[in-house]
K.L.:
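Structure incoming, see below.
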Amino acid sequence: MMHDFLLNNRSELEKRCRAKVAQRPGRSATEQQLQSGVPMFLDQLIRTLVIEQTDDPMDSRKISGPSGGGAALSEVSTSAAQHGRALLLLGFSVDQVVHDYGDLCQAITDLAFERDAPFEVDEFRTLNRCLDNAIADAVTEFSYLRDSENEAKLAADAAEKLGFFAHELRNALGTATLAFFAAKTGNLPLTGATGNVLDRSLTALRVLIDRSLAEVRIAGTPVREAKVFSVADFIDEIQAAGNLAAKVRGSTFTVTTVDKLIAIKGNRELLFSAVWNLLQNAFKFTHADTEVTLNAYALADRIMIDIKDHCGGLAPGTKENMFLPFAQHSSDKTGVGLGLSIAQECVAADGGTLSVQDVSGVGCIFTVSLPRYDITAG
């Protein structure tokens, strides 16, 4: 009888299954983690076979489930689903789910042949029914959870992307509002520095919208053309917008002179977004009546842009998560926690890095590092 054979050779069958699993790459789970797999299935198979030798053989369906599967609750379906879930959490693939049960089938067949153990046709049918139901339920649960994880990730990515877009829109609109307010209250002409800030902000709004529409049309990341531009001219534009923000915040904004010959090759709009986000962050958290400083300079083959504030320094454990999306590290929750994350992404798109230095008791220094490009070399 098959159930006697399985009982007498259970340890050998499990040993052979473990040996097969060990030969496949990426399988390092403990026996406890995989307890809902082969060991539990063997127990259920044995009990199913025993019941089928009684006067009520159909009671075995409570353990094995019916032939052909279907929506029927059984012990095999429950434990197989748990096994599929366990393998997904351990990072395994769907084919490894199937292999686990296939290994047992192969082990039973090989050992029965070696020991010349005769099985009845009905016993083989029971074995196949249990295996079919277990594989189907394990794969179904595995696939359902995997698809759910993928859908959740896609939704999170879409929310983050929408958050980035809204954040950039708000930045451009905020700068335009500052420029308009300054021009209106000061009765200033729109042909000077304030007018340039307003013009650039409105242009940025148009570029953001056009870029987003293009992304929707091609369902991908837009091509960002890299161009060579003067660091000095770039900092001049940043300074014009920064002067307005500093006035609103009641801070002093200091910009050091920049070498006219150093340049950057990249996407100007992205870099402007990055530096402006860093400056907004500095103005937001620097203490009243203190200074925010912007320095741009060459250091060997790199262009360094430093934004220094007087926020008092970072709280313990804050630095490690500074650039995570939606992370907020102060009591001021007027933003959505995307500014630093956007800045890092924009800098990285131009082959650069963004780092932060905590000056305890004083403030922070955010540094953008980008490849240097000399105008004289171009």
K.L.:
Can you tell me how far the CG atom of Asp309 sits from the CZ atom of Phe285, to the nearest 0.5 Å?
P.N.:
9.5 Å
K.L.:
Under 3.5 Å, is there a donor-acceptor pair between the side chain of Asp56 and the main chain of Asp59?
P.N.:
no
K.L.:
Hey, does the side chain of His287 reach the backbone of Cys311 with a donor-acceptor pair shorter than 3.5 angstrom?
P.N.:
yes
K.L.:
Within the distance-only criterion (no hydrogens, no angle test), does the side chain of Arg372 pair as donor or acceptor with the backbone N or O of Ala300 below 3.5 angstrom?
P.N.:
yes
K.L.:
Atom CG in Asp122, atom CZ in Arg129: separation rounded to 0.5 Å?
P.N.:
10.0 Å
K.L.:
Counting only N and O atoms by type, is there a donor-acceptor contact under 3.5 Å from the side chain of Arg10 to the main-chain atoms of Pro39?
P.N.:
yes
K.L.:
Does a side-chain N-to-carboxylate-O contact under 4.0 Å join Glu52 and Arg125?
P.N.:
no
K.L.:
Given Tyr297, which partner from the list Thr256, Asp259, Asp306 fulfils the side-chain hydrogen bond (donor to acceptor under 3.5 Å, both in side chains) test?
P.N.:
Asp306
K.L.:
Decide side-chain contact (heavy atoms from CB on, under 4.5 Å) for Asp350 and Ile264; before the verdict, give the C-alpha distance in whole Å, the side-chain angles of both, and the deciding distance to 0.1 Å.
P.N.:
CA-CA 9 Å; Asp350 277 335; Ile264 295 170; 5.6 Å; no
K.L.:
Would you say the side-chain atoms of Thr54 pair up with the backbone N or O of Ile51, donor to acceptor, closer than 3.5 Å?
P.N.:
yes
K.L.:
What residues, two or more places apart in sequence or in another chain, satisfy side chain to side chain contact (heavy atoms under 4.5 Å, CB included) together with Phe119?
P.N.:
Met2, Phe5, Ile108, Ala112, Ala117, Glu123, Phe124
K.L.:
Is a side-chain N or O of Asn243 found less than 3.5 angstrom from the main chain of Phe253, in a donor-acceptor match?
P.N.:
no
K.L.:
Under a 3.5 Å distance rule, please check whether Thr48 uses its side chain to pair with a backbone N or O of Gln44 as donor and acceptor.
P.N.:
yes
K.L.:
Do Arg268 and Glu237 meet the salt-bridge criterion of a basic N to acidic O distance under 4.0 Å?
P.N.:
yes
K.L.:
Please assess Leu354 against Leu278 for the test side-chain contact (heavy atoms from CB on, under 4.5 Å), listing each intermediate value before the final yes or no.
P.N.:
CA-CA 10 Å; Leu354 173 59; Leu278 293 172; 3.8 Å; yes
K.L.:
Using atom types as modelled and distance alone, determine if a side-chain donor or acceptor of Asp137 lies under 3.5 Å from a backbone N or O of Ala80.
P.N.:
no
